[in-house]
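Take a look at the structure set out below.
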Amino acid sequence: MTSLTSSLVRGAVTSPFKHPGRPGATLPTDRLTLPAAPAAPGPLAAYRRICGFPAPESGPLPLPYPHVLAFPLAMRLMTGRDFPLPVVGLVHTWIEIRSHRPVQPGEALEPTVYAAELTPHRRGTEVTMVTEARVGGELVWESRSGYLSRHATKAEAGAKAEAGAKGEEGAKGEEAQAPALPAVAEWRLPGDLGRRYGAVSGDRNPIHLHPLTARLFGFPRAIAHGMWTVARCLAEADEQPGELRSVRVDFRAPVLLPATVVYAADPAGNTFVLRSESSSGSSSGRGTGSRQVHVTGSVTRAS
């Protein structure tokens with residue numbers, strides 16, 4: 001597997017020389033592919049444990065797992081000299097995953113990654129990265145992810161002025177866009193979760209590892225991996241392994257570690273949020289405590 005550590009180092013070196021938002025920026029046309037291979041049993045079992053998936057000896061791969069296998073390719077592409085955005089400070093804002101059929105651990109999976117689109121965003125520039133996974137030439141799994149490079153834009157200046165005019169009520173209105181769903185489970189996340197998930201996934205971004213390294217990037221404490229929050233929510237939603245066919249997740253706010261978070265979902269388990277609540281509120285949604293929404297998502301299931 002491609003070294004994520006070397007990609008992170010390369011990204012730290014090249015990022016200061018990249019200027020997001022410059023006119024005429026283009027994406028590399030490369031498509032990076034890993035040789036077809038089955039999932040290694042040890043790392044797969046460790047991933048299931050850290051994310052809360054059941055650990056059957058036989059059973060399909062967890063829905064997000066091909067993304068983990070292919071992420072080193074994405075990092076290699078995004079830290080390349082011809083990639084227009086600096087990887088340092090790049091924010092994962094959303095992900096869509098679709099499984100065309102359950103993928104078994106013993107199947108030789110061939111992941112491919114490419115950059116699909118570069119689009120203006122009110123807070124900067126967003127790139128869409130695509131991952132595809134094939135078995136014997138058959139497309140069995142695919143994902144699209146949005147990553148935001150923040151920089152000054154005219155749209156952001158206008159939005160700030162509008163937010164100032166709206167004041168606190170406007171901020172409350174934006175928070176209200178997240179669905180009000182009943183609590184299903186409460187999870188206590190330890191301070192070393194980022195280090196543990198990083199050891200399993202290979203993603204040892206400093207913002208996830210330790211408060212000291214997180215502070216270098218503007219966070220008061222280490223933050224949980226966004227893809228861990230996705231996987232943990234899907235482990236809760238996937239009552240019958242292999243039934244989930246697609247998911248769309250939007251990342252709203254980072255989870256500072258350690259933390260206590262609430263997984264809430266509709267009765268069918270098809271729409272969910274991950275949130276934290278102040279001590280004056282309750283996990284059932286009663287009380288006057290404030291809420292911080294971290295993740296919103298929805299899934300579809302096999303019919």
Side-chain angles (χ1 to χ4, degrees), residues 1-2 4 7 27-34 36-39 43-44 47-48 51 53 60-79 83 85 87 90-105 107-119 126-135 137-148 197 200-203 205 224-235 237-238 241-252 270-272 274 295-302:
M1 182 178 287
T2 307
L4 273 171
S7 292
L27 290 169
T29 58
D30 307 32
R31 289 179 175 242
L32 304 184
T33 300
L34 285 174
L44 175 57
Y47 177 83
R48 290 185 189 275
C51 297
F53 288 101
L61 296 180
L63 185 61
Y65 195 61
H67 177 90
V68 174
L69 297 176
F71 188 62
L73 293 180
M75 282 298 296
R76 189 201 301 178
L77 196 60
M78 291 191 290
T79 57
F83 192 79
L85 304 178
V87 73
L90 210 58
V91 180
H92 197 180
T93 53
W94 57 269
I95 185 169
E96 296 176 344
I97 301 174
R98 178 171 296 277
S99 175
H100 296 284
R101 67 166 176 81
V103 180
Q104 301 303 319
E107 294 187 276
L109 202 64
E110 183 183 71
T112 297
V113 172
Y114 61 94
E117 190 176 13
L118 199 63
T119 55
E126 187 175 78
V127 62
T128 300
M129 302 295 294
V130 175
T131 301
E132 299 174 344
R134 290 175 167 78
V135 174
E138 173 195 4
L139 181 64
V140 295
W141 184 99
E142 57 187 316
S143 74
R144 296 173 66 86
S145 285
Y147 295 90
L148 175 64
Y197 181 79
V200 169
S201 67
D203 183 357
N205 188 319
H225 291 74
M227 287 307 299
W228 180 88
T229 65
V230 172
R232 186 65 188 89
C233 290
L234 293 182
D238 196 8
E243 72 169 346
L244 296 183
R245 284 293 178 267
S246 70
V247 63
R248 162 78 190 212
V249 167
D250 290 278
F251 300 106
R252 299 290 194 92
N270 293 333
T271 300
F272 62 86
L274 187 69
V295 167
T296 61
S298 59
V299 301
T300 64
R301 301 172 188 270

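Here, residue 1 is the first one in the sequence, and each next residue gets the next number. All values below come from the heavy atoms of this structure, side chains included, with hydrogens, waters and symmetry mates left out.
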Item to check | Qualifying residues under side chain to side chain contact (heavy atoms under 4.5 Å, CB included), relative to E96, sequence neighbours excluded | outcome: W94, R144, R248
Item to check | Pairing residues for R101 by the salt bridge (charged side-chain N to carboxylate O under 4.0 Å, His left out) criterion, not counting sequence neighbours | outcome: E107, E138
Checklist entry - Residues in side chain to side chain contact (heavy atoms under 4.5 Å, CB included) with S99, at least two apart? => result L63, W141
Checklist entry - Who passes side chain to side chain donor-acceptor pair (under 3.5 Å) against Y114, sequence neighbours left out? => result E132
Checklist outcome for this item: Residue set satisfying salt bridge (charged side-chain N to carboxylate O under 4.0 Å, His left out) with R48, at least two apart, ordered chain then number -> none
Checklist entry - With sequence neighbours left out, what residues match E126 under salt bridge (charged side-chain N to carboxylate O under 4.0 Å, His left out)? => result none
Item to check | Full working for side chain to side chain donor-acceptor pair (under 3.5 Å) between H92 and S145 | outcome: CA-CA 7 Å; H92 197 180; S145 285; 3.3 Å; yes
Checklist entry - How would you list, by chain and number, every residue that makes a side chain to side chain donor-acceptor pair (under 3.5 Å) with R301, sequence neighbours excluded? => result E243, N270
Checklist entry - H100: what forms a side chain to side chain contact (heavy atoms under 4.5 Å, CB included) with it, not counting sequence neighbours? => result R98, L139, E142
Next on the checklist: Could you work out, with side chain to side chain donor-acceptor pair (under 3.5 Å) as the rule, every residue matching S246, not counting sequence neighbours?
Outcome noted: T300
Item to check | With S298 via side chain to side chain donor-acceptor pair (under 3.5 Å) - residues at least two apart | outcome: none
Next on the checklist: Looking only at side-chain N and O atoms, does T131 offer a donor or acceptor that is under 3.5 Å from a partner on H67?
Outcome noted: no
Checklist entry - Can you name the nearest heavy-atom pair linking P64 to L234, along with the distance? => result CG-CD1, 3.7 Å
Next on the checklist: Checking A36 now: which residues fulfil side chain to side chain contact (heavy atoms under 4.5 Å, CB included) with it, not counting sequence neighbours?
Outcome noted: A108, E110
Checklist entry - Between D250 and R252, is there a donor-acceptor pair closer than 3.5 Å when you use the side chain of the first and the backbone of the second? => result no
Checklist entry - With sequence neighbours left out, what residues match Y65 under ring-ring contact (aromatic ring centres under 6.0 Å, His included)? => result Y47
